[in-house]
Asks: 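First the structure, which I've put down as structure tokens, then a few questions once you've had a look.
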Amino acid sequence: MTAKKAVIISTSQATYPNSGDKIGVWAEELMAPYYVFAEAGYDVTIASIKGGEIPVDEASLQGDFKTADVTKFWADDIKMKLLKESVALDSISGKEYDIVFVPGGHGIMFDGPGNKKLAAVLTEAYASGKVIAAVCHGPAGMVDATGSDGKSVFNGKRVTGFCNTEEEAVGKTDKVPFLLEDRMKALGGKYEKKGDWNDFSITDGRLVTGQNPQSSASTARKAVEAAK
């Protein structure tokens, strides 16, 4: 039996365009799903918008944000090689994977929206009956993906993502190009959320979304269930 395949597509954006302050992918949102998929028997590919070394938000490696999964991944030279030599998005075909997963971190707010290749990969995967999933700011990478009706993949679906009050709490409301909660609603999504920083994820058919970093593993587990 051929193993199922998952691809995690990360941001390649290392700084805020206007300030130069460092950002990137949020470590837990890539690393926890990696282990969920691997432990479920998936062949896991780590890709990024540009390919090559993925920038990791330094804040996600500090204190309690550096979870057990992050610590384990960071200490594994083989896993870190995957992070430093990620596959370029341009070489990815959505229909090749059973799950296409977009982690967050503020970086994806900048190099996700407007990226025609990312939209095409997600749209193709969805049209091919595959599962598309994203956590925290990751749904920003889905804003241009469409369903068979030509409308947003969020349209009419129960969805979640990093909420306005969480963005305010981290002091980034004025630094991001849009508020994700507002954009998901504007695209027709039936947006839901729990309390700030609570683990919350939603499955609606083959679309799976998670609210925040704390939802990383649950979002990935639900993607695995949706792909069965």
Asks: Going hydrophobic residue to hydrophobic residue with side-chain gaps under 4.5 angstrom, can you get from V36 over to W26?
Replies: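 In one cluster: no.
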Asks: Examine V135 and I99 and state if one hydrophobic cluster contains both, with Ile, Leu, Val, Met, Phe, Trp and Tyr joined whenever side-chain heavy atoms are less than 4.5 Å apart.
Replies: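 As far as the 4.5 Å side-chain criterion goes, I99 and V135 are connected within one cluster.
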Asks: Rounded to the nearest 0.5 Å, what's the gap from OG on S60 to CD1 on I23? Could you check?
Replies: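 One finds 12.0 Å between OG of S60 and CD1 of I23.
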Asks: Give a yes/no verdict on a cation-pi contact between K72 and Y35, requiring under 6.0 Å between NZ or CZ and the six-membered ring centre and an angle within 45° of the axis.
Replies: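 Yes; both conditions hold, so K72 lies above the ring face of Y35.
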Asks: Shortest non-hydrogen contact from R158 to I202?
Replies: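 Looking at all heavy atoms of both residues, the closest pair is O-CG2, 3.5 Å.
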Asks: So with a 6.0 Å cut-off around NZ of K50, is the heavy-atom count from everything else above 12?
Replies: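 Atom NZ in K50 is not packed in, count stays at 12 or less.
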Asks: Should L89 and N115 be marked as a side-chain contact (heavy atoms from CB on, under 4.5 Å) after you check the CA-CA gap, both sets of side-chain angles, and the distance that decides it?
Replies: CA-CA 10 Å; L89 174 63; N115 188 306; 3.7 Å; yes
Asks: Does L207 belong to the same Ile/Leu/Val/Met/Phe/Trp/Tyr cluster as V131, with side-chain heavy atoms less than 4.5 Å apart forming each link?
Replies: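 Hydrophobic grouping puts L207 apart from V131.
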Asks: Can K190 and D204 be said to form a salt bridge (Lys or Arg N to Asp or Glu O under 4.0 Å), step by step?
Replies: CA-CA 10 Å; K190 297 177 180 178; D204 193 332; over 6 Å; no
Asks: Is F178 reachable from V159 through a run of hydrophobic residues whose side-chain heavy atoms are each under 4.5 Å from the next?
Replies: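 Both belong to a single hydrophobic cluster.
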Asks: Please tell me whether H137 and E29 have a donor and an acceptor in their side chains that are separated by less than 3.5 angstrom.
Replies: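 Distance-only check fails for H137 and E29.
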Asks: Heavy atoms only: give me the nearest E181-C163 pair and the separation to one decimal.
Replies: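 Closest pair (atom of E181, atom of C163, distance): OE1-CB, 3.4 Å.
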Asks: So which heavy atom on P103 is nearest to which on F101, and how close?
Replies: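 Looks like CD-O, 3.6 Å.
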Asks: Counting C-beta onward and ignoring hydrogens, is there a side-chain heavy-atom pair between P139 and F154 closer than 4.5 Å?
Replies: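 SC-SC contact between P139 and F154 confirmed.
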Asks: Could you tell me whether E192 atom CD has more than 12 heavy atoms of other residues or ligands within 6.0 Å of it?
Replies: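 Buried by this count: over 12 neighbours within 6.0 Å.
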Asks: Counting C-beta onward and ignoring hydrogens, is there a side-chain heavy-atom pair between F65 and V70 closer than 4.5 Å?
Replies: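 F65 does not reach V70 side chain to side chain.
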Asks: Has K4 got a side-chain atom pairing as donor or acceptor with A227's backbone, closer than 3.5 angstrom?
Replies: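 It does hold such a pair.
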Asks: I'd like to know if the side chain of S86 and the backbone of G52 have a donor-acceptor N/O pair within less than 3.5 Å.
Replies: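 The answer is yes, because a donor-acceptor pair under 3.5 Å joins these two groups.
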Asks: Are V56 and M109 in one and the same hydrophobic cluster, where Ile, Leu, Val, Met, Phe, Trp and Tyr link if side-chain heavy atoms are under 4.5 Å apart?
Replies: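 They do not share one cluster, since no chain of ILVMFWY contacts under 4.5 Å joins V56 to M109.
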Asks: Do the non-hydrogen side-chain atoms of L82 and V44 ever get within less than 4.5 Å of each other?
Replies: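 Not touching, per the 4.5 Å side-chain cut-off.
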Asks: Kindly give the heavy-atom pair with the smallest separation between V208 and A226, and that separation in Å.
Replies: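 Closest approach of V208 to A226: CG2-CB, 4.3 Å.
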Asks: Under 3.5 Å, is there a donor-acceptor pair between the side chain of K130 and the main chain of K95?
Replies: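 It does hold such a pair.
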Asks: Please find the pair of heavy atoms, one from Q214 and one from N198, that lie closest to each other, and give the distance.
Replies: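 Residues Q214 and N198, closest heavy atoms: CB-C, 4.5 Å.
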Asks: Checking E225 against K222 for the salt bridge (Lys or Arg N to Asp or Glu O under 4.0 Å) test, could you report, in this order, the C-alpha distance in whole Å, the side-chain angles of both residues, the deciding distance, and whether it holds?
Replies: CA-CA 5 Å; E225 284 299 313; K222 286 182 179 177; over 6 Å; no
Asks: Can you tell me if S12 and D111 form a side-chain donor-acceptor pair at under 3.5 Å?
Replies: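 Distance-only check fails for S12 and D111.
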Asks: One pair to check against side-chain contact (heavy atoms from CB on, under 4.5 Å): V176 and H106. What are the steps and the verdict?
Replies: CA-CA 8 Å; V176 291; H106 281 91; 3.5 Å; yes
Asks: Considering non-hydrogen atoms only, spot the tightest contact between V143 and L187 and give its length.
Replies: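 Looking at all heavy atoms of both residues, the closest pair is O-CD1, 3.7 Å.
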Asks: Check the surroundings of atom NZ in K22: do more than 12 heavy atoms from other residues, nucleotides or ligands lie under 6.0 Å from it?
Replies: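 Check fails, neighbour count at 12 or below.
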Asks: Does any part of the side chain of T67, heavy atoms only, come nearer than 4.5 Å to the side chain of F73, both counted from C-beta?
Replies: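 Side-chain contact under 4.5 Å: no.
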Asks: Counting distance only, does the side-chain N/O of D144 pair as donor-acceptor with the main-chain N or O of G114 below 3.5 Å?
Replies: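 Yes: the side chain of D144 pairs with the backbone of G114.
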Asks: Parallel, tilted or perpendicular: which one describes the rings of F37 and Y42, with boundaries at 30° and 60°?
Replies: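 The arrangement is tilted - the two ring planes meet at 30° to 60°.
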Asks: Could you tell me whether the side chain of N164 and the main chain of E167 form a donor-acceptor pair under 3.5 Å?
Replies: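 Pair absent, no side-chain N/O of N164 close to backbone of E167.
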Asks: May I have the step-by-step check of side-chain contact (heavy atoms from CB on, under 4.5 Å) for Y191 and T160, ending in yes or no?
Replies: CA-CA 5 Å; Y191 183 89; T160 190; 4.1 Å; yes
Asks: Please answer whether the main-chain N or O of K194 pairs with a side-chain N or O of Q211 as donor and acceptor at a distance below 3.5 Å.
Replies: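 Yes, Q211 side chain to K194 backbone: donor-acceptor pair under 3.5 Å.
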